[in-house]
Amino acid sequence: MLRSSQPLTGPNRRRCREDETLLGTILDEGERGFIIDTRSAQAAKQACMTGGGTEPKSSYPQWRRLHRPLERGRLLQESFAKLVEACSDPSLSMDRWLGRLESSRWLSHVKAALSTACLAAQCMDREEAKVLVHGAEGTDTTLLVTALAQVILDPSCRTLAGFQGLLEREWIQAGHPFHLRCAHSAYSHARLKQEAPLFLLFLDCVWQLSRQFPFSLEFGEHLLLSLFDHAYASAYGTFLCNNEKERSLCKVKESTHSLWAWLNRPEEQQKILNPLYSHNALVIWPSVEPQSIQLWQGLFLRWIRPSQHLDEAWAEIQRLVKEN
Amino acid sequence: LCHFFVQVENVRLLDRLSSRKAVLGTLYLTATHVIFVENGSETRKETWVLHSQISSIEKQATTATGCPLLIRCKNFQVIQLVIPQERDCHDVYISLIRLARPVKYEELYCFSFNPKLDKEEREQGWKLVNLNEEYNRMGVPNNYWQICDVNRDYGVCDSYPTEVYVPKSATAHIIVGSSKFRSRRRFPALSYYCKDNNASICRSSQPLSGFSARCLEDEQMLQAIRKANPGSDFIYVVDTRPKLNAMANRAAGKGYENEDNYSNIKFQFIGIENIHVMRNSLQKMLEVCELKSPSMSDFLWGLENSGWLKHIKAIMDAGIFIAKAVAEEGVSVLVHCSDGWDRTAQVCSVASLLLDPYYRTMKGFMVLIEKDWVSFGHKFNHRYGNLDGDPKEISPVIDQFIECVWQLMEQFPCAFEFNERFLIHIQHHIYSCQFGNFLCNSQKERRELKIQERTYSLWAHLWKNRADYLNPLYRPDHSQNQGTLHPQIALCNFLYKFWSGMYNRFEKGLHPRQSVTDYLMAVKEETQQLEEELEVLGERLANLQKSQLGDNKVESKQQDRSKQLRLSTSNNSLANTPQEYSNDLKSFPSRSPSQGDEEDSALILTQDNLKSSDPDLSANSDQESGVEDLSCRSPSGGGCLPSEDSGKDSDEAVFLAG
């Protein structure tokens with residue numbers, strides 16, 4: 001699986017031999033690859049006008065392009081804000097609540113993200129084909145898809161260490177602009193142009209997987225909530241800045257502590273490990289039917305509902321497994 | 001051997017999610033079941049559907065491939081068959097119409113079902129749940145409440161049981177007088193008594209008050225209820241109907257209690273809709289469930305439009321109000337709706353469940369249903385269509401109560417001794433008519449039909465299989481189980497979930513692929529076994545040390561048991577077949593749908609993973625059937641990890657529309 005940003009085809013259908021060669025060498029003679037473009041066909045076409053675009057079939061003959069539009073940017077942020085707002089009003093009638101849940105479209109985004117990641121995984125696992133994922137910049141929906149696909153495909157990404165590695169690789173080092181994206185979260189009125197909860201969407205999707213496959217992830221909800229917190233505000237330097245270059249300039253590694261070091265201490269591990277975990281060597285294929293995708297209550301209702309009884313249940317599970 | 005009326009070959013059974021994934025087999029109709037047996041050498045999987053379960057049959061337009069027939073069941077199973085010949089399809093259709101609409105009780109399965117128990121066992125089965133014991137457990141009769149046999153020949157109210165509890169100060173005269181002033185003669189009677197503070201929940205039907213009628217005895221009845229609780233100087237009267245409906249009833253000479261006439265009552269409308277609204281609500285929700293590849297929006301909009309969760313919440317809120325009144329205020333409550341056998345039953349049983357941890361045990365729950373639903377004359381026959389009747393009487397009343405329980409279980413995972421499967425199987429059997437508990441409309445009718453002498457009790461069956469129904473997280477000493485559950489903060493709108501385990505029960509691909517409940521039960525069982533073994537070994541060690549003083553060698557059989565359990569949990573083949581994530585079939589022309597990994601095909605062996613108690617199979621185990629009986633291995637050997645209701649996944653389903 002590969003990722004990149006959009007090719008700069010532009011309105012004049014520019015070509016680039018090096019790019020074509022690169023993508024050519026990846027595939028064997030007669031082999032077919034898939035390009036998953038996270039923009040709609042129309043959006044991709046429009047991008048041409050401003051210097052971007054898509055890989056033309058004639059120049060990349062062995063690659064088959066599939067468009068799977070995933071929401072990002074301002075619209076995704078609004079979706080998030082709408083949902084949080086809906087969750088903050090317990091006096092709403094059931095009809096109004098469901099209406100607002102639906103109009104926020106957050107769960108639709110979760111479904112779309114999971115479906116696209118599954119498609120990428122299917123290409124690789126079932127079709128045994130190589131996959132290239134890109135959107136426009138390659139820093140948002142692209143990473144969402146590649147990271148999620150790896151959780152689905154690769155059992156080692158489902159271990160605690162493997163998942164941390166995945167985050168480092170596919171989000172942090174890959175240059176997801178955390179500083180821009182996770183500045184203010186859902187309550188901000190500022191409507192910052194660069195603000196968008198892609199990382200949260202990823203965590204939500206991982207939570208959906210953990211719900212559908214309760215034995216297959218080595219970590220639990222607690223870790224996902226922690227990561228959500230730290231992406232926005234943290235005493236640790238892991239999610240600082242927008243890319244490796246900035247981190248290097250700011251000397252992040254020299255002057256801050258790593259979140260992973262803290263999370264990997266035994267006391268923390270106690271909280272974040274999943275007592276039901278058992279290595280699952282197979283690919284985990286989630287159901288993306290609407291009934292299978294649920295509101296992540298642990299996150300969205302975190303401060304609204306008392307968690308006492310659910311915490312007790314979790315403690316009981318830990319106790320039962322430990323006793324054994 | 002059983003006799004079948006109809007046999008049709010080369011019938012295709014379609015999968016809802018994947019029209020490509022059809023199975024070829026033979027269709028049989030027997031006196032009690034529809035049976036589809038798959039062709040194919042190894043598995044010959046059977047699908048059995050009881051006629052009682054059939055809700056509707058739809059014959060669809062003939063296509064090139066054959067005649068489609070859609071069977072919708074009351075337990076939400078939807079079976080889509082394609083019969084090659086139109087004439088055969090018509091025969092099946094006509095037969096099913098007749099078979100699914102029995103006219104006499106004797107046609108029902110419970111009168112032929114034979115689990116091979118002797119007479120003694122059958123009787124014992126019926127005695128498992130004893131309401132006299134239950135009332136005693138509650139603390140009555142006592143100084144405030146007495147048993148009343150004024151209805152011993154059903155002479156006062158034919159939908160009530162022969163014995164009810166009434167306040168000490170309610171004389172026979174008052175009771176009879178009150179019954180004449182109540183719809184269907186359903187006078188106020190005790191549903192639940194709280195011995196801690198003497199508050200009680202009583203139930204009745206609406207008073208025949210019209211605009212201005214009064215009845216001294218009825219007013220005295222309510223006073224008697226109040227007097228039976230010295231700790232409070234008033235009672236709540238809760239009318240579970242919307243105010244508008246109740247007011248409309250006044251024009252028909254019925255209505256509700258006027259606070260001016262009844263001294264010391266505080267009157268309250270709760271606003272739960274009637275059976276027709278609920279029937280339509282469920283219908284709409286099921287339509288959403290039948291959508292092919294719905295988007296998230298389609299689904300949420302459809303769910304909202306059905307109003308189903310809103311109704312569930314209304315019932316729950318009413319139960320919460322009553323529980324609060326009893327537990328926190330120490331005030332007695334009289335609950336009624338129109339006839340006092342639908343909403344009243346729902347609301348009283350939810351309130352009882354919240355108040356008393358006993359009803360959250362398996363036995364207690366059976367008792368609760370027996371008390372508030374069976375004995376108090378909930379019209380099972382009319383509501384769930386045992387016999388062919390008025391479609392306007394059909395309504396998912398008890399289904400809603402069962403869902404309230406499930407919603408509570410989701411919020412209070414340690415508070416119930418039983419698990420989701422228990423609820424699902426109870427719902428299944430309310431419609432299956434395999435057991436006699438839920439037949440007819442009243443105790444009177446059941447006694448006339450001699451149900452207990454001629455059929456078997458579901459409670460005994462469930463009790464026998466109770467290991468399958470336990471909640472591993474339940475501990476009687478847990479904080480969640482000391483007294484009242486307090487859901488008022490916890491259960492706001494957003495916490496209500498769509499119960500796919502019930503309404504999409506048979507679509508295995510939708511559910512979490514691995515059952516935490518089953519795993520934890522296995523863990524618990526194993527821990528117990530290990531502890532017992534440890535004890536035994538400890539004793540042996542002590543004995544050895546005594547008898548062999550100089551000998552330091554002690555052999556103990558330490559097997560790596562945990563390894564055995566770990567091994568079983570890595571039977572993850574159940575988890576893994578992909579849906580159809582691609583919009584575009586042409587994406588993958590190289591793969592034919594039948595190609596699959598070794599691992600995937602392993603999970604088609606559904607039968608082996610179903611619990612022996614699963615009603616899908618319990619019909620199979622009726623030894624009288626001559627159709628091949630695939631016996632189900634009960635996977636309780638400790639080494640096996642059964643997945644709840646099996647994990648057969650659809651191999652490449654139909655396309656997802658983006």
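Convention: sequence-line order gives letters A, B, ...; per-chain numbering from 1.
Of the two parts of K310(B), the backbone and the side chain both hold a non-hydrogen atom closer than 4.5 Å to a non-hydrogen atom of chain A. With a 4.5 Å cut-off on non-hydrogen atoms, D89(A) touches chain B through its backbone but not through its side chain. Neither the backbone nor the side chain of S307(A) comes within contact range of chain B; no heavy atom of the residue lies under 4.5 Å from a heavy atom of that chain. With a 4.5 Å cut-off on non-hydrogen atoms, R319(A) touches chain B through its side chain but not through its backbone. In this structure, chain B has a heavy atom under 4.5 Å from the backbone of A86(A), while its side chain stays farther away.
Note that the CD atom of Q291(A) and the CE atom of M296(B) stand 8.0 Å from one another [nearest 0.5 Å]. Of the inter-residue distances, the one linking S292(A) atom OG with H511(B) atom NE2 reads 7.5 Å to the nearest 0.5 angstrom. Considering CG of L300(B) and CG of L101(A), their distance stands at 5.0 Å, rounded to 0.5 Å. Taking CH2 of W314(A) as the start and SG of C414(B) as the end, the distance is 12.0 Å to the nearest 0.5 Å. Note that the CG atom of L510(B) and the CD atom of Q212(A) stand 8.5 Å from one another [nearest 0.5 Å]. Distance check: Y496(B) OH to L295(A) CG gives 15.5 Å after rounding to the nearest 0.5 Å.
E289(A) places none of its side-chain heavy atoms less than 4.5 Å from the side chain of S500(B). Residues P413(B) and L310(A) meet the side-chain proximity criterion, which asks for heavy atoms closer than 4.5 Å.
Applying the side chain to side chain contact (heavy atoms under 4.5 Å, CB included) test to E221(A) and every residue at least two apart in sequence or in another chain returns W207(A), L225(A), W296(A). Residues satisfying the side chain to side chain contact (heavy atoms under 4.5 Å, CB included) criterion with M124(A), sequence neighbours excluded, are M1(A), V131(A), L153(A). The side chain to side chain contact (heavy atoms under 4.5 Å, CB included) test applied to P472(B) returns L320(A), T517(B), L520(B), M521(B), K524(B), not counting sequence neighbours.
Around CZ of R211(A), the count of heavy atoms belonging to other residues, nucleotides or ligands within 6.0 Å exceeds 12. Residue Q528(B) places its CD atom among 12 or fewer non-hydrogen atoms of other residues, nucleotides or ligands, all under 6.0 Å distant. Around atom NZ of K45(A), no more than 12 heavy atoms belonging to other residues, nucleotides or ligands sit under 6.0 Å away. For E287(B), the CD atom sits in a packed shell: over 12 heavy atoms of surrounding residues, nucleotides or ligands are nearer than 6.0 Å.
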Under the criterion side-chain contact (heavy atoms from CB on, under 4.5 Å), I'd like the reasoning laid out for Q294(A) against K497(B): C-alpha separation, chi angles, the key distance, then a yes or no. CA-CA 8 Å; Q294(A) 289 189 5; K497(B) 299 178 196 168; 3.9 Å; yes
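Of all heavy-atom pairs spanning P290(A) and P294(B), the tightest one is CG-O, 3.5 Å. Taking both residues in full, the closest heavy atoms of L301(A) and F494(B) are given as CD2-CD1, 3.5 Å, listed atom of the first, atom of the second, then distance. Considering every non-hydrogen atom in both V321(A) and V523(B), the closest pair reads CA-CG1, 4.3 Å. Heavy atoms only, all atoms of each residue included: S93(A) and N493(B) are closest at C-ND2, 3.5 Å. Residues V516(B) and F215(A) approach most closely at CA-CZ, 3.9 Å, considering heavy atoms.
Formation of a donor-acceptor pair under 3.5 Å by the E304(B) side chain with backbone atoms of M94(A) is not found in this model.
Ranked by heavy-atom pairs shorter than 4.5 Å toward chain B, the options D95(A), L92(A), I317(A) are led by D95(A).
E323(A) and T527(B) are not linked by any side-chain donor-acceptor pair at a separation below 3.5 angstrom, with hydrogens and angles left out of the test.
Residues of residues 103-110 of chain A lying under 4.5 angstrom from chain B, judged on non-hydrogen atoms, are R105(A), L107(A), S108(A) by number.
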